[in-house]
Asker: 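Here it is, the structure, as structure tokens.
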Amino acid sequence: MKIPKIASKHLLTVSDLSREEILSLFSFAAKLKAMQKAGKPHELLKGKLLAMIFEKSSTRTRVSFEAGMFQLGGHAMFLSKDDIQLGRGETVADTARVLSRYVNAIMIRTFEHAKAEELARHADVPVINGLTDTYHPCQALADFFTIYEQRTSVEGVKLAYVGDGNNVAHSLMLCGAILGAHVAVATPDIYTPSKGVIERAKEFSRMHGGSVTIQRDPAEAVKDADFIYTDVWVSMGQEDDAEDRRIALRDYRINRSLVSLGAAGCKVMHCLPAHRGEEIDEDVMDSEMSIVFEQAENRLHIQKALLCALVLRTLSLRP
Ligand code: CP
Ligand code: NVA
């Protein structure tokens with residue numbers, strides 16, 4: 001099987017990848033998905049190891065990476081902050097150097113994005129961002145892979161993101177812009193996406209023919225949208241602001257009347273975990289419009305494609 005070629009050693013943010021690289025990951029992920037469904041072995045990473053550092057909770061990321069490595073013939077190790085010396089003051093750099101002697105790739109879920117960057121700077125093996133406060137690239141890749149499966153092309157598709165301008169919003173904006181989608185983001189003023197990400201995403205959209213718009217009004221954002229996306233109002237690490245956030249975001253719930261403003265056949269997306277009745281109504285989440293579990297499943301397939309591309313690239317460059 002032809003493995004997608006990727007120039008970057010690591011995946012820290014979606015913009016580490018070009019449009020062509022993302023599309024080649026999508027077609028490779030589709031092949032891996034078909035093979036897995038048909039029960040055909042695809043042990044492309046036989047005997048390879050992935051270390052997974054978790055400083056925040058996870059269901060999907062942990063299980064999809066672990067299942068993915070197993071299906072590829074390798075193995076993944078779950079390293080929670082409470083179990084490794086990183087949590088007791090060993091440096092990120094030393095952790096990177098040590099793990100690089102044992103494993104073929106490292107996934108990290110942490111708070112500051114700079115920590116993932118530091119890990120990557122000192123690792124000899126690929127580092128994959130499994131969510132930081134700023135980005136969630138694996139999620140955005142899975143989400144646009146889901147859109148690609150539904151539409152066969154992402155170019156020109158309109159995705160409206162409604163809610164908190166957080167890590168998931170950032171990665172969706174960048175990924176959508178790189179793929180030529182129209183991304184409309186509606187957030188309250190205080191929870192708008194970061195200025196730097198907005199500028200970067202707008203630059204990409206100018207290059208690739210889509211658009212990125214930021215507005216306050218959810219109704220304006222979702223108008224004629226093909227996909228309406230939301231995420232939790234209180235991300236991991238923001239628990240102290242929970243009440244303020246719930247107040248500021250109360251008009252940003254995805255409900256039936258908001259969804260009715262989307263394009264005919266519009267689909268509803270959420271990276272999960274969802275807080276039903278908060279950012280999304282139960283009857284929308286469980287409706288025929290919802291593709292949230294397809295998104296969750298596709299984490300597995302796109303990450304398998306990514307693991308093959310990154311791990312085999314690094315091995316092929318070894319003397
Ligand atoms: N969407 C996502 O990353 O889920 P987990 O927090 O369960 O990994
Ligand atoms: N924005 C959420 C995503 C969880 C997958 C968080 O960071 O908690």
Side-chain angles (χ1 to χ4, degrees), residues 11-14 50-69 76-81 106-116 128-147 159 161-175 185-188 190-194 197 227 229-242 244-246 248-249 252-254 268-276 278-280 285 290-304 306-307:
L11 180 81
L12 297 179
T13 169
V14 155
L50 171 73
M52 308 189 293
I53 303 174
F54 279 93
E55 298 195 307
K56 291 176 175 173
S57 311
S58 169
T59 299
R60 280 142 289 270
T61 305
R62 175 181 178 178
V63 180
S64 58
F65 269 107
E66 196 161 331
M69 279 304 285
M77 278 171 271
F78 173 71
L79 309 172
S80 97
K81 66 171 187 324
I106 305 169
M107 191 237 78
I108 181 164
R109 168 168 285 198
T110 189
F111 294 85
E112 310 83 33
H113 188 67
K115 198 167 191 175
I128 300 174
N129 175 358
L131 181 147
T132 61
D133 289 346
T134 320
Y135 297 116
H136 197 0
C138 295
Q139 184 66 52
L141 290 172
D143 297 336
F144 277 100
F145 174 53
T146 309
I147 292 174
L159 177 130
Y161 177 92
V162 176
D164 181 25
N166 61 16
N167 44 8
V168 170
H170 286 164
S171 291
L172 286 172
M173 288 161 64
L174 292 170
C175 197
V185 178
T187 67
I190 42 164
Y191 297 125
T192 193
S194 101
V197 174
F227 297 89
Y229 197 118
T230 192
D231 183 17
V232 290
W233 291 345
V234 184
S235 284
M236 291 179 277
Q238 298 173 336
E239 290 76 12
D240 289 350
D241 297 341
D244 290 349
R245 293 180 151 271
R246 286 191 185 106
L249 284 152
Y252 290 79
R253 173 172 306 145
I254 305 292
V268 173
M269 303 178 76
H270 193 310
C271 61
L272 306 180
H275 290 98
R276 291 161 177 260
E278 202 164 286
E279 74 276 1
I280 187 164
M285 172 113 170
S290 165
I291 53 170
V292 302
F293 299 112
E294 278 77 5
Q295 292 172 254
E297 177 181 338
N298 280 335
R299 291 289 302 276
L300 172 73
H301 307 299
I302 197 73
Q303 287 163 193
K304 282 167 73 179
L306 184 69
L307 284 163

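Both ligands and their constituent atoms are indexed starting at 1 by order of listing. All residue numbers in this chain count up from 1 along the given sequence.
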Asker: Could you check whether any side-chain N or O of Gln139 sits under 3.5 Å from a backbone N or O of His136, counting only pairs where one atom can act as donor and the other as acceptor?
Answerer: no
Asker: Does this structure show an ion pair linking Lys56 with Asp133, if we count only N-O contacts that are shorter than 4.0 Å?
Answerer: yes
Asker: For Phe54 and Phe78, take the angle between the two ring planes, folded into 0 to 90°, and tell me which bin it lands in: parallel under 30, tilted 30 to 60, perpendicular over 60.
Answerer: tilted
Asker: How close does the nearest protein non-hydrogen atom get to atom 2 (C) of ligand 1, and which residue and atom is it?
Answerer: Arg299 NH1, 3.4 Å
Asker: Where on Arg62 is there a heavy atom closer than 4.0 Å to ligand 1, on the side chain, on the backbone, on both, or on neither?
Answerer: neither
Asker: Check the pair Arg253, Glu279 against salt bridge (Lys or Arg N to Asp or Glu O under 4.0 Å), reporting the backbone distance first and the verdict last.
Answerer: CA-CA 4 Å; Arg253 173 172 306 145; Glu279 74 276 1; over 6 Å; no
Asker: List, for ligand 2, each N/O atom that has a protein N/O partner under 3.5 Å away, with both atom names and the distance.
Answerer:
| residue | atom | partner | partner atom | Å |
| --- | --- | --- | --- | --- |
| ligand 2 | 1 (N) | Asn166 | ND2 | 3.4 |
| ligand 2 | 1 (N) | Asn167 | OD1 | 2.9 |
| ligand 2 | 1 (N) | Asp231 | OD2 | 2.7 |
| ligand 2 | 1 (N) | Ser235 | OG | 2.7 |
| ligand 2 | 7 (O) | Asn167 | ND2 | 2.8 |
| ligand 2 | 7 (O) | Ser235 | OG | 3.4 |
| ligand 2 | 8 (O) | Met236 | N | 2.8 |

Asker: Among His270, His136, Arg60, Gln295, which one puts a heavy atom closest to atom 3 (O) of ligand 1?
Answerer: His136
Asker: To the nearest 0.1 Å, how far is atom 7 (O) of ligand 1 from its closest protein heavy atom, and which atom is that?
Answerer: Thr59 N, 2.7 Å
Asker: Looking only at non-hydrogen atoms, find the nearest pair between Ala274 and Ile280 and report the distance.
Answerer: CB-CG2, 4.2 Å
Asker: Kindly give the heavy-atom pair with the smallest separation between Arg109 and Ser57, and that separation in Å.
Answerer: NH1-O, 2.7 Å
Asker: At a non-hydrogen distance cut-off of under 4.0 Å, which region of Arg109 contacts ligand 1 (side chain, backbone, both, or neither)?
Answerer: side chain
Asker: Are His301 and Phe145 an aromatic pair by the rule of ring centers under 6.0 Å?
Answerer: no
Asker: Report the residues that fulfil ring-ring contact (aromatic ring centres under 6.0 Å, His included) with Tyr252, sequence neighbours left out, ordered by chain and then residue number.
Answerer: none
Asker: Any idea which part of Leu131 is under 4.0 Å from ligand 1, heavy-atom wise: side chain, backbone, both or neither?
Answerer: neither
Asker: Walk me through it: do Val197 and Met173 pass the test side-chain contact (heavy atoms from CB on, under 4.5 Å)?
Answerer: CA-CA 8 Å; Val197 174; Met173 288 161 64; 4.2 Å; yes
Asker: Considering both backbone and side-chain atoms of Met236, is one of its nitrogen or oxygen atoms within less than 3.5 Å of a nitrogen or oxygen in ligand 1?
Answerer: no
Asker: Using the side chain to side chain donor-acceptor pair (under 3.5 Å) rule, pick out the option among Arg299, Gln303, Lys304 that qualifies with Ser64.
Answerer: Gln303
Asker: Can you name the atoms of ligand 1, numbered from 1 with element, that are less than 4.0 Å from a heavy atom of Cys271?
Answerer: 1 (N)
